[in-house]
Structure formats: structure tokens, C-alpha cells
Number of protein chains: 2
Amino acid sequence: MTPHTPVGRPLRPRGKLLQEDARRHHRSLLLQQLFRDGPASRADLARSSGLTRVTVSDLVGEMLAEGFLAELGAPAETRVGKPPTLVGLAPDSHHIIGLDLSETDRMSGAVVNLAGTVRARHEVHVDGAEGEQAVELVLGLAAELMAMTDRPVLGVGVGSPGVVDATGTVVDAPNLAWTDTPLAERLARALDVPVFVANDANTAVLGEHTFGESGDGGLMVLRVGTGVGAGLVLGGSLLHGHLGAAGEIGHVVVDPAGERCACSRTGCLETLLAAPRLRRRVAEPGADGPAVLAEVGTRLGEVLAPVVAALNLHEIVLSGPAELLDGPLLDATDRTIRERTMPISSTGLAVRTSKLGEDVVVVGAAVLVLAGELGVS
Amino acid sequence: MTPHTPVGRPLRPRGKLLQEDARRHHRSLLLQQLFRDGPASRADLARSSGLTRVTVSDLVGEMLAEGFLAELGAPAETRVGKPPTLVGLAPDSHHIIGLDLSETDRMSGAVVNLAGTVRARHEVHVDGAEGEQAVELVLGLAAELMAMTDRPVLGVGVGSPGVVDATGTVVDAPNLAWTDTPLAERLARALDVPVFVANDANTAVLGEHTFGESGDGGLMVLRVGTGVGAGLVLGGSLLHGHLGAAGEIGHVVVDPAGERCACSRTGCLETLLAAPRLRRRVAEPGADGPAVLAEVGTRLGEVLAPVVAALNLHEIVLSGPAELLDGPLLDATDRTIRERTMPISSTGLAVRTSKLGEDVVVVGAAVLVLAGELGVS
DNA sequence: TTAGTTAGTTCAGCGCACTTACATATCCGC
DNA sequence: GCGGATATGTAAGTGCGCTGAACTAACTAA
């Protein structure tokens with residue numbers, strides 16, 4: 001009798017499971033494989049997935065017919081036996097529309113292929129649009145982008161500011177004056193493709209997780225912009241939190257004696273770290289820029305240390321203006337976290353800036369679609 | 001086209017999925033149902049699970065034969081149509097052995113039924129036993145408990161101090177001088193039943209999650225004893241962390257100017273909160289007990305606030321000596337968390353002490369087995 | 001008594017992945 | 001240069017688990 005452990009498996013079963021689900025699951029398994037490790041033969045796929053060659057052939061055939069995969073011929077190297085025919089993901093067989101609504105002055109979007117490469121861009125100015133007007137701006141932007149590709153569109157992903165619930169309804173987004181706005185439904189109705197909406201920090205962490213060369217441990221992406229927010233991927237899945245408000249870390253108090261914040265509290269993380277304020281402080285005449293940045297970094301480290309210890313995170317990624325984040329601030333954050341946690345928590349940890357830059361949100365929005373439609377990420 | 005969202009579903013498929021797995025999954029689904037909501041008719045189960053009556057009948061028949069379920073006759077109330085026959089969980093059809101190795105002076109264990117009720121107890125003194133000696137003490141305790149029930153034993157669950165990996169190997173437990181000790185394997189070999197081992201704080205959070213009347217949002221259990229540790233259930237599953245060290249929050253620095261800690265840092269949470277130290281400080285001549293407790297509670301709140309905000313937790317449970325935790329300390333922690341986080345993070349949050357008391361760990365260890373063997377929790 | 005309703009079972013059929021068997025295509029040793 | 005070894009990929013048949021449709025059982029309402 002060997003020891004078992006219920007790792008990763010959710011404690012409660014989720015629902016009815018059909019054969020159809022099994023097939024979709026296995027399709028995802030193969031896609032995922034090709035997605036991460038590049039082209040492979042049917043036999044290779046069979047070996048690594050545990051499915052039989054027969055089943056793999058069947059599934060691959062299906063996906064070839066749909067266009068998601070392409071046959072790539074035999075590999076160059078020569079070995080005993082019949083040479084395999086490689087199959088690989090056809091990254092431009094389908095395109096995805098990713099939208100980033102997190103900037104205050106504009107809404108940007110992109111046509112993204114299945115490999116996370118941006119194929120086209122488009123953006124619209126917000127110009128103070130709010131409520132329904134803002135929704136229509138989004139609808140227009142998405143339609144425009146859909147017209148920019150001749151490939152079938154797999155779906156639309158949106159990274160929106162504010163709190164977004166599981167159905168893609170924006171519960172609350174002050175900047176756009178949205179409350180309980182069913183954005184996913186509106187887009188789905190208008191465009192007739194699957195639509196996924198999530199908080200911008202959440203899409204960012206998905207982007208980083210899938211396309212940012214990150215590992216498989218817990219990942220946290222901290223977005224620094226007009227505000228400060230975070231997204232977390234734990235155990236391979238996006239954390240939503242009890243009320244869908246996971247990652248809302250911008251208004252944690254770090255310094256009760258600090259500046260007054262718009263949220264009526266004093267000394268929130270945002271009063272120190274939000275890009276406009278920080279930029280102003282650094283530029284103040286007579287200010288010691290690096291020292292200011294280091295001090296803010298230290299404060300950030302103090303906030304993150306308990307989170308790192310509690311979650312045993314693998315990576316923390318800072319996303320935002322590089323001139324502010326990448327340097328004394330990052331270094332101080334990294335150092336502070338290590339000073340304030342045990343080696344077992346901090347040795348496995350990497351603190352770095354984003355590798356995707358400005359595109360994290362749109363690419364992450366595309367991952368939302370990839371995960372939802374193909375089970376790939 | 002309706003909006004979709006990949007909620008809760010892990011982003012990456014876990015592995016091959018057989019029909020057999022589907023059947024186990026559906027069994028779990030029904031068991032879970034009966035487990036949470038009590039007895040029901042086959043027709044009720046079919047309606048709420050989405051399976052057909054045929055399938056439910058088949059599965060229920062199987063589980064009746066195995067003894068897990070029992071027919072309970074018709075309900076008292078009378079309605080139109082053929083009266084249903086209720087089936088319900090047979091809580092004492094099988095028993096589970098739960099072990100708690102977290103105390104320094106003794107190892108305790110219990111025979112637990114499927115409903116989480118303790119049916120018998122046993123314990124052994126540690127008397128300084130270490131390494132292999134301590135392992136044999138555990139083997140003996142488990143064997144003794146297995147002899148105390150005449151029901152089939154579903155498995156053995158163990159809550160061990162220290163870091164435990166996914167295979168049930170204790171990576172590091174200083175008190176017992178265990179390093180890379182394959183405890184699950186040893187027990188499985190000796191007793192010939194499935195064995196599950198996890199960190200004591202992790203088993204505690206499982207116990208609280210399943211039998212502590214807690215909700216479905218994120219749950220954190222903070223164990224205060226000789227040391228301080230935590231366990232987390234997020235999105236319905238236990239969080240392990242990158243290196244299996246999630247919840248190791250005892251050595252987060254809360255006061256760099258504080259007392260020196262055994263871990264070579266200064267001002268760790270443990271230096272304030274560990275039960276022996278705290279008890280001593282409260283009992284000091286001239287000390288204002290409640291004030292000391294409130295101050296420690298405030299510090300704890302400062303550590304937990306970032307975690308609460310980042311995870312949007314639903315519940316925080318303090319488990320340990322009630323005379324220390326339940327009162328000014330708990331109140332101060334609760335207050336501090338609310339002062340330091342946004343309403344959206346804190347309104348959905350409840351901070352309380354454990355409802356299972358001393359039994360959290362053994363009962364949680366039983367849940368480990370329930371989840372692993374029956375997919376129930 | 002008859003009609004209507006609900007519970008639970010029987011039976012044929014379908015989808016999916018598996019096993020077994022085979023065709024195909026290369027290398028290797030003689 | 002040719003059979004044997006080795007490996008890839010396809011074809012046919014099997015078994016498992018679920019489903020829909022039809023059936024029996026047991027009760028209420030009129």
C-alpha cells in the first residue's frame with residue numbers, strides 16, 4: 001500500500017463529469033504539451049500524456065481538421081525505426097482579441113495569436129467617457145480589432161479596472177463609473193464570440209504566468225500605475241478570493257502616520273507607491289531620488305513579507321514604470337522581504353520586474369480566452 | 001453566446017482522465033451531498049447532482065453494498081406519488097485513525113468516524129524520543145488505535161510538525177529530529193492501509209474547513225502553541241506553496257527592534273505570540289494582562305492585514321490556548337485588520353477562535369483521509 | 001374506480017478510450 | 001543487398017459508464 005496525498009485536487013468535486021469533458025480535458029492536455037514544449041510526434045505525445053497512440057492520433061486528427069495544429073514533417077535527426085511526423089501548434093490559425101481598460105486616459109487592445117504574439121494594435125481615447133458611453137467605447141474598440149484580422153476569432157478577453165465577478169460583470173470601477181455592469185454579456189451579445197472579463201491585475205498575472213517565463217510555483221504580479229493592485233496565481237489557477245477582491249492590496253495601511261488617502265484612511269500603500277505620486281516625490285527639488293525609491297521599496301517589502309511567508313510564493317513580479325520600479329525600489333523590496341522572512345520562505349523566491357512590459361494586460365486577457373476555450377495556459 | 005469564465009478550474013490539466021475517474025468523481029459528488037446536507041432520496045440526489053436517476057441508483061447501490069450508505073426508509077411527511085426511500089451516510093461504517101504529533105510532550109491520536117466524531121482516544125508520552133525512536137512511537141500509537149475499533153479502517157491521517165512534502169515525507173521537523181523521514185511510507189508499510197501526512201497547521205485548517213461550520217471562501221487557521229504556524233484553504237483546496245512551506249508565518253519579523261529569536265532574527269511573530277512566552281509575559285508581576293494581549297493582537301493584525309487584502313479571505317480562525325487568544329488579543333487583531341484594509345477586504349471577513357478546540361488536528365487528519373479516499377470534505 | 005404524480009428499475013444504445021493487430025518506414029548487421 | 005530489429009501511425013473490435021425511453025411500483029386526489 002503506497003502513501004497517497006490529495007495534492008492540488010480540489011477538496012470538493014465540482015460537478016457532473018461527462019465523457020465529453022474527458023475528451024476536452026485530453027485535448028487540452030495535448031495542446032498544453034505542444035504549447036509549452038513545442039512540436040512533437042504523436043508517439044511522443046502519447047508517451048508524455050499517458051494516453052495511447054491511438055487516442056492521441058484521433059485527437060490530433062480532430063485538431064488538425066480544426067486548424068489548431070499543423071503537420072510539420074519529419075525531424076532532421078535520424079534514428080532507428082519509422083521516422084515520426086511532427087505536429088505543432090499553428091499559432092495563427094486563430095486569433096484572440098485582448099483589451100486593456102486599466103489606463104485612465106485610453107483603452108487599448110490588440111490582436112494576439114495563440115502563442116501570445118501581438119499581431120495588431122488599436123486604441124481609443126477615453127476622453128472622460130463614463131458608464132454606458134464607456135461600454136460603447138469598449139464595444140467599438142473590440143469590433144474594430146475583430147475587423148483587423150481575417151482569422152477566426154477564438155474569443156475576446158478583457159482586463160478591466162475595479163472588482164470583476166466570476167460572470168464577467170464589473171461590480172465596481174470608479175474611474176469608468178461602472179457598477180454591476182455586465183460587460184462580458186454585453187460584448188458577447190454584440191460580437192457573438194466567447195467573452196471573458198477579469199480584473200486587470202488578474203489578467204496581468206495570467207499573462208506573466210503563461211508567457212513570462214515564470215515557474216510553476218505561486219506567482220504574484222503587483223501592478224503599479226494610477227493605483228496599486230495585485231493578481232495571484234496559486235497552484236496553477238487564478239485566485240479570485242471570497243468576494244472576487246483578491247489582490248486589492250493598494251489600500252493596506254503601511255504607515256498610520258502617513259499621508260491621507262482618497263479612501264479616507266491614512267498611509268495606504270498607494271499613497272507611497274502609486275506612479276504619479278512617486279514620480280512627483282522623486283522629482284522634487286532637492287530630493288534624493290534613489291533614497292526615496294529605496295524607502296518606498298522597503299515599505300513594500302514590509303507589506304509583502306507576510307504574504308510571501310503565508311503563501312510560500314515562488315515569484316513576485318513588479319509591473320509598471322521601469323524607471324521607478326527597476327532599481328533601488330526593487331532591490332529594497334527584495335532585501336526587506338529576505339530580512340523579514342525565514343530562509344525556507346525566501347530562498348525559493350525571485351523578485352523581478354515584468355518581462356512583458358506594457359503588453360501584460362492584453363496578453364493576459366488573451367490567456368483568459370486560451371484557458372477558457374482551449375484549456376491551455 | 002453566453003459569457004464564460006474559467007473560475008476555480010486549474011489552468012493546466014492535471015493528467016489523463018479515465019472513465020473510472022469519472023465514476024469515482026460522481027461517487028464523491030453524491031457522498032459530498034449526503035455529507036453536507038444529510039439524508040436524501042435517490043431522486044433528490046439525481047436532481048441536485050445533474051446525474052440521471054439511473055446512474056444515481058447504480059452508484060448508490062454500489063455504496064450501499066460497501067456499507068458507506070444505509071437506507072433509512074421513507075420520510076414522515078406525505079406527498080403525491082410514490083414515497084421515496086431516503087439514503088444517508090453510515091458514519092460508523094468505517095473508521096479513520098487521526099494522529100496529532102504537534103505537541104512537544106506527547107503524541108495523541110483518535111479513532112474518528114466518517115462524520116468527524118471522535119470515537120476513542122489514545123496518547124503516548126514522547127519523553128524526549130527523537131528520530132527513529134519517535135517514528136516507532138508513532139507506529140505503535142497508530143497500531144494501538146487500529147486495535148481499538150472493530151470497523152474497517154479507511155486510512156490513517158497524520159498532522160506532523162515541520163515541513164511535510166506531497167508524498168508524506170517529513171522534510172524537516174527539529175523537535176523530533178526528523179529530516180527527510182518518509183513517515184507516510186513507514187506507516188503504510190507497517191499498517192497496510194492508506195496513509196496521509198501533512199503539516200499540523202494544514203490538517204487543522206482542513207478540520208476547521210470541513211467540520212468547523214466555516215463557509216466556502218478562503219480560510220486561514222493560525223495555530224498558536226510552542227510555535228506559531230498557519231494553514232490555508234483557498235478555492236476549496238489546501239494550499240501547499242512552492243516548497244510545501246505555505247503558512248510558515250511564525251518567523252515573519254514584526255518588530256525589528258524586538259526580542260532575539262531562536263531563528264537568529266529579531267522580533268519574529270513567534271517571539272510575541274508563542275504560548276509559553278506570552279503566558280509568561282501576562283503572568284509577570286505588575287503586568288497589565290489585557291493590555292499585553294491587546295498589544296500582541298495588534299501586532300498580529302498588522303501581519304495579517306496584507307494577507308487578508310491579498311487573498312480576500314473569508315475567515316481567520318485562531319487555534320490555541322483560549323485563555324490567551326479569546327478576548328483582548330482576538331479583538332485587537334480583528335480591529336487592526338479592519339483599520340488597515342479596505343471595506344471590500346474586511347466586510348466579508350470573520351475573525352474567530354476554533355470551534356473544534358483540541359481536536360482540530362486529529363479531526364483534520366481524518367479529513368485528509370476522507371478527502372484522499374472518498375473525495376469528501 | 002380512474003387519473004395523475006413521483007420513485008426507482010430495466011434495457012438498448014452511444015461515446016470514449018483501450019487492447020490487439022497490422023501496415024509502413026527507417027536503421028543495422030551480416 | 002537483404003532480412004531482422006525498431007519505431008510510428010492506423011484499423012478493428014472490446015469494455016465501461018452514462019443516457020434516454022419505457023416500464024413497474026406506490027401513493028394521492030376526485
For atom [atom1] of [X] and atom [atom2] of [N], their distance in whole Å:
X	N	atom1	atom2	result
A/Leu64	D/dG9	CG	P	11 Å
A/Arg23	C/dC16	CZ	P	5 Å
A/Asp21	D/dT19	CG	P	11 Å
A/Leu17	D/dC16	CG	P	19 Å
A/Leu18	C/dA17	CG	C1'	15 Å
B/Leu59	C/dT9	CG	C1'	15 Å
A/Arg53	C/dA21	CZ	P	14 Å
B/Asp58	D/dT19	CG	P	11 Å

Can you name the closest pair of heavy atoms from B/Gln32 and B/Gly375 and give their distance?
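Between these two residues, the closest heavy atoms are OE1-O, 3.9 Å.
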Heavy-atom closest pair, residues B/Thr203 and B/Val158
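The answer is CG2-O, 3.8 Å.
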Decide, yes or no, whether a salt bridge links B/Asp92 with B/Arg119 under the criterion of side-chain N to carboxylate O below 4.0 Å.
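Salt bridge flag = yes for B/Arg119 with B/Asp92.
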Residue closer to the 5' end of DNA chain D, B/Ala22 versus A/Ser41 (nearest nucleotide):
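That would be A/Ser41.
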Upstream residue (5' side of DNA chain D) when A/Pro84 and B/Val54 are each assigned their closest nucleotide:
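It is A/Pro84, whose closest nucleotide lies nearer the 5' terminus.
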Below 4.0 Å: OP1/OP2 of [N] and any side-chain N or O of [X]:
X	N	value
A/His26	C/dC16	no
A/Thr55	C/dC16	no
A/Thr85	D/dG9	yes
B/Thr52	D/dC18	no
B/Ser57	C/dG8	no

I'd like to know if the side chain of B/Thr149 and the backbone of B/His95 have a donor-acceptor N/O pair within less than 3.5 Å.
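Between the backbone of B/His95 and the side chain of B/Thr149 there is no qualifying donor-acceptor contact (under 3.5 Å).
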Before we go on, tell me: are the rings of A/Phe211 and A/Phe35 under 6.0 Å apart, centre to centre?
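Yes, the ring of A/Phe211 comes within the 6.0 Å limit of the ring of A/Phe35, centre to centre.
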Is the base of C/dG15 touched by the side chain of A/Gln19 through a donor-acceptor pair closer than 3.5 angstrom?
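For A/Gln19, whose side chain was compared with the base of C/dG15, there is a donor-acceptor pair (under 3.5 Å).
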Determine the contact category for B/Arg47: base if any of its heavy atoms lies under 4.0 Å from a base atom, sugar-phosphate if only primed atoms, P, OP1 or OP2 are that close, otherwise nothing.
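The answer is sugar-phosphate, as B/Arg47 gets under 4.0 Å only of primed atoms, P, OP1 or OP2.
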What does B/Val56 touch in the nucleic acid at a heavy-atom separation under 4.0 angstrom: a base, only the sugar-phosphate, or nothing?
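If one applies the 4.0 Å heavy-atom cut-off, B/Val56 turns out to touch nothing in the nucleic acid.
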